[in-house]
Amino acid sequence: MANFVDRVVLHTRGGDGGNGCASVHREKFKPLGGPDGANGGSGGDVILEVDPQTTTLLDYHHSPHRRAENGTQGAGDMRTGKRGEDLVLYVPDGTVVKNPNGVLLADLVGAGTRYVAARGGQGGLGNAALSSQKRKAPGFALLGEPGWEEDLVLEVKTVADVALVGFPSAGKSSLVAAMSAARPKIADYPFTTLVPNLGVVQAGRARYTMADVPGLIPGASQGKGLGLEFLRHIERCAVIVHVLDCATLDPGRDPITDLDVIEAELATYAGDVGIEGGRTPLTERPRLVVLNKIDVPEARDLAELVRPELEARGLRVFEISTASHEGLRALSFALAEIVQQARDAAPAPEPTRTVLRPRAVNESGFTVTRRQSDHVYYLVRGDKPERWVRQTDFANDEAVGYLADRLARLGVEDGLFKAGAVAGDEVVIGDGPRGVVFDWEPTLLTGPELLASPRGTDLRLEDRSRPTRAEKREEFHGRMDAKAAARAELWTDRDDDE
């Protein structure tokens, strides 16, 4: 059974907001108690948080569907619904959050760093909050907004200063074990290392982390072998160490050839340049070459033979033996020096700034576009109209009338006129399964004189025998023709008077 997972697809959903309450205060000797329905509680958020004690995404591999708590419904006597609890999901340091299309959403580095994966729905207003001088006792309340659903791809990219790269069985795990207190699995067969191993190295006063990742083979940048699982974990490293096996018995392999193959794979791999530490291509970062296993006489001779050619390429070369610990002290201090230089060159972290983006004066907050598929319809998109539709109880006529008033005040009706809509045209507010479809009635009247209807009803919706689209369109064009005729007659009268 796998005990380490560094990539998962997580399905998150925020909690649903609680419905508002429509209630009227009833108490002896108080006949006009007024509305006392309270608001519903908002749903909880799904939050990703970096936890230093978490090293794997295994829990989300087994349980990929996570949902926050719903808000509770409001009640009478002004009892507000309880807000849903946030669901905090702990992830390893260095977790990258993407959407299913591969777009980078967040780079979680540092203990306590948070990202809201799915927001909870807003609670609905009760009738006490909806009352006004003109609508003193509303017979409806707003529904709670559904929580947002998000599908996210989580990838762990190891946070380490030094990355060890090389062919399988080159001695990377042995090097980490010899220079730190880490104890990775070591054996004499390829791909012993299946998961990244981190070790903390102390060189004098300097301290840095070293990552031992699975071995590399030709074609790894295209996913062969452990390929991308290997390369993903070196994107944040400040220095790359090529561990070359000088005692290999495989035909056709030698330190120079191994180095060329690894360098070609690093040059081909395209990582996430937007993450912290991933802005510099792998081939442009400081690199060292380690000639390993010089405790074997033939390996020492080969190391002395290839060293001049490697140094001629401008690479610093260290001959070491993880078995006898020869050359490890000089290597540890050289790495500490390079890591410190990289830390000094890194830009100082800037404090998080709150950016305020006020809405433009001429911005309406919604758009109206004419669409045509098998028929013509008008699509209304905007945060306010879509949220209002989601929170409307369409089984309550008064709530529907209230929605019509809000949309008219926002200017949606004027926007439909400008887009060319006429009576009976199909209008869609929202998109996808949350969109609401209705036939537009531009002659729908509004005003306080219509609020005298019984609670829960609206006089504008009392006529159940509604005309068809063709009848509405004919009536609309008839009114337009009558207006045009009236204007023509007016101009004729003025011409006669002159």
Side-chain angles (χ1 to χ4, degrees), residues 16-17 19-20 22 121-122 124-125 127 130 134-135 138-146 148-149 364-451 453-480:
D16 296 339
N19 298 336
Q122 182 178 340
L125 297 179
N127 65 341
L130 297 173
K134 298 176 181 178
R135 184 182 277 107
F140 68 98
L142 298 185
L143 303 178
E145 189 177 8
W148 293 100
E149 298 184 37
S364 61
F366 67 92
T367 59
V368 179
T369 54
R370 186 178 186 273
R371 298 288 182 87
Q372 183 170 3
S373 53
D374 54 343
H375 63 285
V376 176
Y377 66 96
Y378 293 85
L379 179 64
V380 179
R381 298 301 307 272
D383 291 338
K384 284 186 178 180
E386 293 181 35
R387 185 176 73 250
W388 293 346
V389 165
R390 288 194 296 266
Q391 292 187 314
T392 298
D393 180 9
F394 287 94
N396 187 303
D397 288 347
E398 188 178 359
V400 177
Y402 178 69
L403 172 64
D405 295 341
R406 299 178 85 180
L407 294 176
R409 287 195 300 268
L410 186 62
V412 173
E413 184 166 314
D414 294 338
L416 289 170
F417 269 121
K418 293 179 182 179
V422 297
D425 281 344
E426 181 178 305
V427 176
V428 180
I429 298 181
D431 197 10
R434 296 186 177 186
V436 175
V437 182
F438 61 93
D439 295 338
W440 184 42
E441 297 182 9
T443 58
L444 191 66
L445 301 176
T446 61
E449 68 277 0
L450 297 176
L451 300 179
S453 56
R455 296 176 64 249
T457 62
D458 194 295
L459 293 177
R460 296 166 291 182
L461 303 177
E462 287 298 318
D463 184 14
R464 299 301 180 183
S465 58
R466 297 183 180 180
T468 63
R469 288 187 182 181
E471 293 173 346
K472 293 177 183 177
R473 189 173 287 105
E474 182 179 357
E475 180 184 358
F476 176 80
H477 287 298
R479 288 199 307 271
M480 295 297 103

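Note that the structure is a prediction, hence the values are computed from the model and not measured. Throughout, numbering of the chain's residues begins at 1 and tracks the sequence.
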Verdict with supporting geometry, Phe140 and Asp393, side-chain contact (heavy atoms from CB on, under 4.5 Å): CA-CA 8 Å; Phe140 68 98; Asp393 180 9; over 6 Å; no
When you measure from the side chain of [X] to the backbone of [Y], do you find a donor-acceptor pair of N or O atoms at a distance under 3.5 Å?
{"X": "Asn127", "Y": "Pro138", "result": "yes"}
{"X": "Asn396", "Y": "Gly139", "result": "yes"}
{"X": "Asp425", "Y": "Val422", "result": "yes"}
{"X": "Tyr402", "Y": "Leu130", "result": "no"}
{"X": "Asn19", "Y": "Gly144", "result": "yes"}

Got a second to check how far Glu145's CD is from Asp16's CG, nearest 0.5 Å?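 Result: 9.5 Å between the selected atoms.
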Rounded distance [0.5 Å steps], CZ in Arg387 versus CG in Leu142: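 Arg387 atom CZ to Leu142 atom CG measures 10.0 Å (nearest 0.5 Å).
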Test side-chain contact (heavy atoms from CB on, under 4.5 Å) on Val376 and Arg370; report intermediate values, then the result. CA-CA 7 Å; Val376 176; Arg370 186 178 186 273; 3.5 Å; yes
Less than 4.5 Å apart, side chain to side chain, heavy atoms only: is that true for Leu410 and Trp388? yes
Does the plane of the ring in Phe417 sit parallel, tilted or perpendicular to the ring in Trp440? Use 30° and 60° as the thresholds. perpendicular
Quick test of your reading of the model: are Glu386 and Arg381 salt-bridged, counting only N-O distances below 4.0 Å? yes
Determine the minimum heavy-atom distance between [X] and [Y], stating which atoms define it.
{"X": "Gln391", "Y": "Gln122", "answer": "NE2-O, 3.8 Å"}
{"X": "Leu416", "Y": "Tyr378", "answer": "CD2-CB, 3.9 Å"}
{"X": "Leu125", "Y": "Ala141", "answer": "O-CB, 3.4 Å"}

For Ile429, which of Val437, Leu403, Val389 qualifies under side chain to side chain contact (heavy atoms under 4.5 Å, CB included)? Val389
Might you work through the side-chain contact (heavy atoms from CB on, under 4.5 Å) test for Tyr377 and Val427, ending with a clear yes or no? CA-CA 6 Å; Tyr377 66 96; Val427 176; over 6 Å; no
Evaluate side-chain contact (heavy atoms from CB on, under 4.5 Å) for Lys384 paired with Arg406, printing each intermediate quantity in order. CA-CA 10 Å; Lys384 284 186 178 180; Arg406 299 178 85 180; over 6 Å; no
